[in-house]
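Predicted model only: the values in this text are computed from it and were never measured. Numbered from 1 within each chain, the chains take letters A, B, ... in sequence-line order.
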Number of protein chains: 2
Amino acid sequence: MDGKNVTDLESEGPGTGTLGKAMAVLEAVATADRPQRFTDILQSVGQPRGTLHRLLGHLVDEGLLVQRGDLSYEPGLRLLKLAYRSWSGNQFRDIAEPHLLRLHEMTGETVHLGILRETEIIYVDKVESRQTVRMSSQIGKASPAYCTGIGKAALSSLAQGELERIAAKTQFVAFTERTHRSAMSLLGEIEEIRREGHAFDREEHEAEICCVAASIVVPEHELVAGVSVTGPSYRVTMTQLAAWAADVRNAAAKIEEEARIRLGPGRGGR
Amino acid sequence: MDGKNVTDLESEGPGTGTLGKAMAVLEAVATADRPQRFTDILQSVGQPRGTLHRLLGHLVDEGLLVQRGDLSYEPGLRLLKLAYRSWSGNQFRDIAEPHLLRLHEMTGETVHLGILRETEIIYVDKVESRQTVRMSSQIGKASPAYCTGIGKAALSSLAQGELERIAAKTQFVAFTERTHRSAMSLLGEIEEIRREGHAFDREEHEAEICCVAASIVVPEHELVAGVSVTGPSYRVTMTQLAAWAADVRNAAAKIEEEARIRLGPGRGGR
DNA sequence: AAGCGTTGTTCCACATAATGGAACATCTCC
DNA sequence: GGAGATGTTCCATTATGTGGAACAACGCTT
């Protein structure tokens with residue numbers, strides 16, 4: 001029927017049928033940083049006008065999207081409701097929490113917990129400098145794995161084949177001067193990270209922001225994640241970060257150990 | 001094809017096609033408070049086995065659900081990613097924030113901001129007693145409108161017809177002794193709330209918890225919401241709540257005014 | 001260890017529901 | 001008031017999802 005859906009944009013690919021298309025549209029709108037108009041979406045998702053129109057209609061009916069007065073689309077409230085339990089019921093986060101707090105007390109800087117999902121890191125928790133900010137603006141945020149500390153740490157703990165698959169799938173965008181520009185460059189650093197046991201982000205994703213990170217792996221649950229301590233370069237030197245590396249590795253190890261125990265045998269009985 | 005999907009569980013109803021069924025499944029899993037097994041879902045969503053099986057397969061492929069080792073299903077991380085912008089890009093929340101903070105400073109108790117979505121209130125922000133808790137456990141949570149302060153305040157600002165439609169759709173569950181048990185009972189209180197301009201929750205949803213709330217309405221954006229101040233009964237008496245009512249109404253009015261201005265003309269040009 | 005119930009998975013003829021090209025509105029800026 | 005966008009509707013075509021029923025894989029009990 002369609003000659004194009006064979007190509008993989010970034011999603012899993014073929015067999016997902018109608019739902020896959022709907023989700024691609026949803027993701028296009030949710031990922032964009034401003035309300036998307038019909039034509040915008042038309043371009044990001046390569047679908048015929050008629051189809052897209054109906055798809056959007058359904059998404060709005062379902063409350064997944066909201067159409068504003070100027071006809072542009074925004075993510076709807078229902079998403080928040082649905083996500084609620086994927087966060088609040090997240091045992092892994094619960095387990096990690098005290099360790100994150102401890103790490104924050106030791107360093108005084110922002111601590112992140114993120115989970116690897118293909119080429120992305122999704123942040124599931126954050127402890128930051130005691131501020132009035134309540135829901136941290138980062139929860140649920142997705143960042144590319146190849147240019148973040150947690151991302152690289154997580155990648156480094158994958159089997160080589162898996163790592164290469166993901167590296168091949170990654171789109172290298174030069175966020176800053178120091179961002180990796182190729183899979184080769186990334187794979188090189190991963191080697192080093194494997195030896196050291198921790199990863200640095202030297203202003204590779206955002207200028208003036210750097211971090212140390214270590215990975216957390218729970219194979220029984222196909223869970224690959226990481227913790228990091230992040231700070232602004234003007235306050236946190238690389239030497240300082242290096243000094244924290246052991247603590248970060250330590251925290252990661254503790255979380256990993258506890259998760260293995262408390263999350264149970266998992267899909268071992270598959 | 002199917003003789004049952006005509007009945008409305010709680011979702012919009014018919015014309016949403018395949019996507020609608022998928023979302024019903026997703027919602028069933030996300031709403032349940034523990035991992036759902038195939039058979040559990042089979043019962044909550046009235047779909048034939050074959051259909052449900054494929055549906056679940058697709059949802060897992062898309063990352064919306066995760067299948068665990070014991071074959072049970074949980075909400076997936078992708079939901080968190082998708083919800084991210086429905087929260088972080090939410091202008092209304094941004095606008096309300098300073099007012100919530102002020103209200104919190106005045107009262108010292110927990111302040112909520114919630115938006116009405118049919119029969120439910122979805123909490124989009126929360127300011128609580130300065131604790132170490134970071135992401136408030138409430139963001140994205142959905143509670144029934146008929147037994148919460150914000151819910152009743154929001155309902156009271158609807159046109160009578162709309163109110164009755166929603167009341168008719170509501171399932172009255174007796175959470176506590178004081179929970180409304182019928183639409184009639186609810187409609188009665190709504191009358192009163194309209195006169196007063198604010199609503200109380202007298203331990204109707206959770207024992208030992210009560211609140212005062214006032215509604216926020218931005219018709220241009222089809223937005224019906226509310227703010228509340230909540231506290232445990234042992235510390236916050238009804239007299240105390242009544243004393244705060246004016247402040248709550250005031251904050252609501254301020255938010256409403258600012259939202260009208262800053263959110264722009266909205267769908268007026270429809 | 002055989003038997004039975006429960007739970008999850010696969011198959012396939014069938015028709016519903018998605019498809020997408022093209023014509024029709026509607027708005028916007030010269 | 002016309003030319004170029006941008007959004008909406010229509011409808012014959014068939015791919016896609018449907019769901020009954022048979023099958024497989026447990027986990028209990030006898």
Original post:
Below 6.0 angstrom between ring centroids: does that apply to A/H180 and A/Y146?
Top reply: no
Original post:
Which of parallel (below 30°), tilted (30 to 60°) and perpendicular (above 60°) describes B/H205 and B/F175?
Top reply: perpendicular
Original post:
Hey, does the side chain of A/T51 come within less than 4.0 Å of C/dG20's phosphate (OP1/OP2), counting only N and O?
Top reply: yes
**OP:** Starting from P on C/dA18, measure out to CG on A/L52 and report it in whole angstrom.
**Re:** 15 Å
**OP:** Would you kindly give the CZ-to-P distance between A/R68 and D/dG7, to the nearest whole Å?
**Re:** 13 Å
Subject >> Atom-pair distance (CG on B/L55; P on C/dG8), nearest Å >> reply: 16 Å
Original post:
What is the distance from atom NZ of B/K21 to atom CG of B/L55, rounded to the nearest 0.5 Å?
Top reply: 8.0 Å
Subject >> Comparing A/H53 and A/T18 on DNA chain D - which has the more 5′ nearest nucleotide >> reply: A/H53
Subject >> 5' precedence on DNA chain D between A/L19 and A/Y73 (nearest-nucleotide basis) >> reply: A/Y73
**OP:** Using a cut-off of 6.0 Å, state whether more than 12 heavy atoms not belonging to A/E177 lie near its atom CD.
**Re:** no
Original post:
A/D70 CG to C/dT28 P: how many Å, rounded?
Top reply: 11 Å
**OP:** Quickly work out the B/R54 CZ to C/dT16 C1' distance and round it to whole Å.
**Re:** 12 Å
Subject >> Interface residues of residues 34-42 of chain B with DNA chain D (non-hydrogen, below 4.0 angstrom) >> reply: none
Original post:
Does a distance-only test, which skips hydrogens and angles, find a donor-acceptor pair under 3.5 Å between the side chain of B/R49 and the base of D/dG20?
Top reply: no
**OP:** Ignoring hydrogens and angles, state whether a donor on the side chain of B/Q36 or B/Y73 is under 3.5 Å from an acceptor on the partner side chain.
**Re:** no
**OP:** Provide, to the nearest angstrom, the distance between the CE atom belonging to A/M23 and the C1' atom belonging to C/dA18.
**Re:** 18 Å
Original post:
Are A/E257 and A/R260 ion-paired here, with the side-chain N under 4.0 Å from a carboxylate O?
Top reply: no
**OP:** Could you check which of D/dG19, D/dT18, C/dG8 has an atom nearest any side-chain atom of B/L71?
**Re:** C/dG8
Subject >> Axis bend over the full length of the helix from C/dA1-D/dT30 to C/dC30-D/dG1, computed from five pairs that close each end, to 10 degrees >> reply: 40°
Original post:
Whole Å only: how far is the NE2 atom of A/H58 from the C1' atom of C/dT19?
Top reply: 12 Å
Original post:
Pick from B/V60, B/L64, B/L59: which one makes a side-chain contact (heavy atoms from CB on, under 4.5 Å) with B/E62?
Top reply: B/L64
Original post:
Is there a side-chain polar atom (N or O) of B/Q47 under 4.0 Å from OP1 or OP2 of D/dT18?
Top reply: no
Original post:
Atom CD of B/Q67 to atom P of C/dG8: distance rounded to whole Å?
Top reply: 9 Å
Original post:
Any salt bridge between B/R165 and B/E118, counting N to O under 4.0 Å?
Top reply: yes
Subject >> Minimum heavy-atom distance between B/D125 and B/I139, given as atom pair plus value >> reply: CA-CD1, 3.5 Å
